[in-house]
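Below: the structure, in structure tokens.
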There are 2 protein chains.
Amino acid sequence: MKNRLKVLRAERDWSQAELAGRLDVSRQAVNAIETGKHDPSLPLAFRIARLFGLRIEDIFIDDGDTP
Amino acid sequence: MKNRLKVLRAERDWSQAELAGRLDVSRQAVNAIETGKHDPSLPLAFRIARLFGLRIEDIFIDDGDTP
DNA sequence: TGACTATGTCAAGCGCACCTGACATTTTGT
DNA sequence: ACAAAATGTCAGGTGCGCTTGACATAGTCA
């Protein structure tokens, strides 16, 4: 599962800490998602999509590596 | 987080077991999601959306009870 | 009536999502 | 060059998503 978080964050010139604050999660959680260490929960994915005004499918790319 | 799984399943006349098979998860996992006991992971949400040919936002409704 | 299907639910266990706190490294700005 | 900010990462802990296996209940059908 890839994602465009880093780009969307850069477009707004936000730090990982600032994004974390807006999403109400820890900075480490944002970092782990950006660096592909784990996928967000569905509720967090909804918060992310709402924050950026996009659909979940426009931010997260299911690479289907879950056979 | 509410969802329309039960309706979508009924439209296709699938049992929970059959849906579980198509999603490659356990029947109990499908039941727990339908009955609101827990939310699916993001990868599973993608599989569900792809199976029904819909967007995640068209199946799962974020009621924002995660402040 | 008795077999079969569908649904709901419980228990125990595993792995991941997320947490706090801490530290090292890289980048930025004066 | 130096300080501050940003990023990456580790350790230890909590809770949830999902598993297998089992059982109870209700509905359908020969």
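Chain letters run A, B, ... following the sequence lines, proteins first and then strands; every chain starts at 1.
Between B:Leu44 atom CG and A:Asp62 atom CG the span is 10.5 Å, to the nearest 0.5 Å. The distance from the CD1 atom of A:Ile59 to the CD1 atom of A:Ile33 is 11.0 Å, given to the nearest 0.5 Å.
Residues in residues 31-44 of chain A take part in these side-chain hydrogen bond (donor to acceptor under 3.5 Å, both in side chains) pairs, two or more places apart or across chains: A:Arg9-A:Glu34, A:Gln16-A:Asn31, A:Gln16-A:Glu34, A:Thr35-A:Lys37. Evaluation of the ring pair (Phe, Tyr, Trp, His ring centres under 6.0 Å) test over residues 5-27 of chain A, restricted to residues two or more places apart or in two chains, returns A:Trp14-A:Phe52. Applying the side-chain hydrogen bond (donor to acceptor under 3.5 Å, both in side chains) test to every pair with at least one member in residues 52-61 of chain B, sequence neighbours left out, gives these pairs: B:Arg55-B:Asp58.
Applying the side-chain hydrogen bond (donor to acceptor under 3.5 Å, both in side chains) criterion to A:Arg27, with sequence neighbours excluded, gives no partner residue. A search for side chain to side chain contact (heavy atoms under 4.5 Å, CB included) contacts involving B:Gln28 returns B:Ser26, not counting sequence neighbours. Judged as a salt bridge (Lys or Arg N to Asp or Glu O under 4.0 Å), and not counting sequence neighbours, A:Arg4 has no contacts. Not a single side-chain hydrogen bond (donor to acceptor under 3.5 Å, both in side chains) links B:Arg12 to another residue, sequence neighbours left out.
Heavy-atom distances under 4.0 Å link DNA chain C to B:Lys6, B:Arg9 of residues 3-11 of chain B, given in residue order.
Nearest heavy atom pair, residue A:Ile56 against residue A:Ala45, reads CG1-O, 3.9 Å.
Residue B:Asn31 places at least one side-chain N or O under 4.0 Å from the OP1 or OP2 atom of C:dG8.
From one end of the helix from C:dT1-D:dA30 to C:dT30-D:dA1 to the other, with five pairs defining each end axis, the axis direction shifts by 40° (rounded to 10°).
Distance B:Asp13 CG to D:dG27 C1': 14 Å, rounded to the nearest Å. The CD atom of B:Glu34 sits 16 Å away from the C1' atom of D:dC18 (whole-angstrom rounding).
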The contact string for nucleotides 15-30 of chain C, one letter per nucleotide 5' to 3', using protein heavy atoms under 4.0 Å with B, S and - for base, sugar-phosphate only and none, comes out as --SSSBBB--------
